[in-house]
*Asks:* 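Got a structure here, written out as structure tokens. Questions coming.
Residue numbers begin at 1 in each chain, while the letters A, B, ... track the order of the sequences.
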Protein chains: 2
Amino acid sequence: MIDEKTARESVVRAADELFYARGVQAVGMDAVRTTAGVSLKRIYSLFASKDELIVAVLHHRTAVWDSGLASASERATTARERILAIFDFLDAWFREPDFRGCAFINAHGELGASSSAVTDAVREQKRTFQEYVARLVADAGAPPALAPQLAILAEGAQTTAAISGTPEAAQQARAAAETLLDVAVPAQPTELVGS
Amino acid sequence: MIDEKTARESVVRAADELFYARGVQAVGMDAVRTTAGVSLKRIYSLFASKDELIVAVLHHRTAVWDSGLASASERATTARERILAIFDFLDAWFREPDFRGCAFINAHGELGASSSAVTDAVREQKRTFQEYVARLVADAGAPPALAPQLAILAEGAQTTAAISGTPEAAQQARAAAETLLDVAVPAQPTELVGS
DNA sequence: TACAGTAGAGAACGAACGTTCTCCGCGCAA
DNA sequence: TTGCGCGGAGAACGTTCGTTCTCTACTGTA
């Protein structure tokens, strides 16, 4: 038998793929079992219920998102570039063939009304993202009010791309972000602190 | 017996409220029957299936959204004011106690993968909104590229407000829109054509 | 080899859902 | 009054789902 950590990862990964592709409620635990290759009995020994699995999947998505965002901004040297790298990251994501919008927004729309655990996980992820943007905005020497504006652009790009089925919203949002940055930031871009 | 049009309206209105509050899949046809006060037999004589009812609800939402947007921009005399009125309209909406995000985005996340009729209805609504914004942008004398940027701000404000549970995203998006308009539009605002 | 413990496969169970069907009562023509 | 067609209420049906249970095979130990 495979060890607990590996089994957990298989289940979460399989559930993540299926939930994202088809919607959470449209995926039965049987499908998770088949895709993960882990028996139902084992799944229910790892997760007390489907709800608990859903929350674990959201946490997994958060980790994937965070690391993707971090690696996308690696080559950027200024705060301004790091901010714009967010939209390049979105652009690459939107072009993936199985892109179907932000899993957190989807989960919130589908389950937010009936599961406060889902609401909490989604809210937490969005809060973390907003804090990330706020840090970059401060590093760029722009007023704090710019941060939520940029975050809103990123959110809007995700839903627009998801519904339209095309990726251009990323570039459009990026262009808007550049304009907002141009207006908000004093003439020469500030160097990143401590890196 | 009530006439067909009235029965249809009752069913659509009831389904709209329930679907929006709880999510589509979480609402059974029994609940629609109870809330609408129309028998199941009658409902199935008006709509061939739940899917068909869902599409009718989305069309109803589109009509409500369009008329709300129209009345919100009534007092505006310039194209710029009409654009900003979109965000004031969102602000008022976000403050409603049962606000739970954009029903189209929610429906798309929940059912888009399994129902192309839903995808079509959602896409149609967003396309109409983008054309509305594009018309206002043209009236304002701004370059066409501004329109999708403003639409993305509106979309992002909706999801941000829905997830955070607070209304301030409307004002933040409005401020960003003002900045973008300031940059894009030549000095003096243009008068609306024909009104 | 005999045995204990564990895990996998999937059958089983109870609930909920979309949809259909049955039964009953009512209004109306002859 | 008698028959008839229509609509309402909700029972019934078949399916699906989350969750649990049963049975069997296997592993490691004495």
*Asks:* How close or far is atom P of C:dT20 from atom CG of B:Asp30, stated in whole angstroms?
*Replies:*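 After rounding, the reported distance stands at 14 Å.
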*Asks:* Does a side-chain heavy-atom distance below 4.5 Å link A:Phe47 with A:Val55?
*Replies:*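 With C-beta onward as the side chain, the pair stays apart.
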*Asks:* Round to a whole Å and report the spacing from CG of B:Leu46 to P of C:dT19.
*Replies:*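 It works out to 14 Å between those atoms.
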*Asks:* Does the ring centre of B:Phe104 sit less than 6.0 Å away from the ring centre of B:Trp65?
*Replies:*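 Ring centres of B:Phe104 and B:Trp65 not closer than 6.0 Å.
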*Asks:* Under 3.5 Å, which N/O atoms of the protein pair with N/O atoms of nucleotides 23-28 of chain D?
*Replies:*
none

*Asks:* Specify the separation, in whole Å, of atom CD of A:Gln25 and atom P of D:dG18.
*Replies:*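 In whole Å, D:dG18 P lies 9 Å from A:Gln25 CD.
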*Asks:* Rounded to the nearest angstrom, tell me the gap between atom CG in A:Leu40 and atom P in C:dC13.
*Replies:*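 My rounded result for the distance is 16 Å.
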*Asks:* Salt-bridge test for B:Arg123 and B:Asp120: reply yes if a basic N is under 4.0 Å from a carboxylate O, no otherwise.
*Replies:*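 So B:Arg123 does not pair with B:Asp120 through a salt bridge.
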*Asks:* Taking only Lys NZ, Arg NE, NH1 and NH2, and the carboxylate oxygens of Asp or Glu, determine whether A:Arg33 and A:Asp30 approach each other closer than 4.0 Å.
*Replies:*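 Result for this pair is yes, salt bridge flagged.
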*Asks:* Do the side chains of A:Glu131 and A:Arg127 get close enough for a salt bridge, i.e. N-O under 4.0 angstrom?
*Replies:*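 Between A:Arg127 and A:Glu131 there is a salt bridge, with a charged N closer than 4.0 Å to a carboxylate O.
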*Asks:* Could you tell me whether A:Arg135 and A:Asp139 have a side-chain N and a carboxylate O separated by less than 4.0 Å?
*Replies:*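 Looking at A:Arg135 and A:Asp139, the cut-off is not met.
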*Asks:* Mind running a 4.0 Å heavy-atom check of residues 48-57 of chain A against DNA chain D and sending the residues that fall below it, in number order?
*Replies:*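 Those residues whose heavy atoms fall under 4.0 Å from DNA chain D, taken from residues 48-57 of chain A in numerical order, are A:Ser49, A:Lys50.
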*Asks:* For A:Met29 and D:dC17, what is the distance between atoms CE and P respectively, to the nearest whole Å?
*Replies:*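 Spelled out: CE on A:Met29 to P on D:dC17 is 12 Å.
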*Asks:* How many whole angstroms separate atom CZ of A:Arg33 from atom C1' of D:dG18?
*Replies:*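 Atom CZ in A:Arg33 sits about 12 Å away from atom C1' in D:dG18.
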*Asks:* Please report the end-to-end axis angle for the helix from C:dT1-D:dA30 to C:dA30-D:dT1, five pairs per end, rounded to 10 degrees.
*Replies:*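 About 30°, once rounded to a multiple of 10°.
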*Asks:* For B:Ile105, which of B:Glu155, B:Gln125, B:Glu110 qualifies under side chain to side chain contact (heavy atoms under 4.5 Å, CB included)?
*Replies:*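 Exactly one candidate clears the test, B:Glu155.
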*Asks:* Considering every strand and a 4.0 Å limit on heavy-atom distances, what is the contact class for A:Val27: base, sugar-phosphate, or nothing?
*Replies:*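 Contact class for A:Val27: sugar-phosphate only.
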*Asks:* Return the minimal non-hydrogen interatomic distance between A:Leu153 and B:Ile152, and the atom names on each side.
*Replies:*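 Smallest interatomic distance, heavy atoms only, reads O-CG2, 3.4 Å.
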*Asks:* Whole angstrom is fine here: how far is it from OH in B:Tyr44 over to C1' in D:dC13?
*Replies:*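 Spelled out: OH on B:Tyr44 to C1' on D:dC13 is 13 Å.
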*Asks:* Do A:Asp182 and A:Arg80 meet the salt-bridge criterion of a basic N to acidic O distance under 4.0 Å?
*Replies:*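 Yes, charged N to carboxylate O under 4.0 Å.
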*Asks:* Quick one: are A:Arg42 and A:Ser10 in side-chain contact, heavy atoms under 4.5 Å?
*Replies:*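 A:Arg42 vs A:Ser10: side chains apart.
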*Asks:* When the distance from CG of A:Leu18 to C1' of D:dC17 is rounded to whole Å, what number comes out?
*Replies:*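 In whole Å, D:dC17 C1' and A:Leu18 CG are 15 Å from each other.
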*Asks:* D:dG8 base to B:Arg42 side chain: any donor-acceptor pair below 3.5 Å?
*Replies:*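 Check fails, no donor-acceptor contact within cut-off.
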*Asks:* Going by heavy atoms in the side chains, are B:Leu181 and B:Leu84 under 4.5 Å from each other?
*Replies:*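 Yes, side chains in contact.
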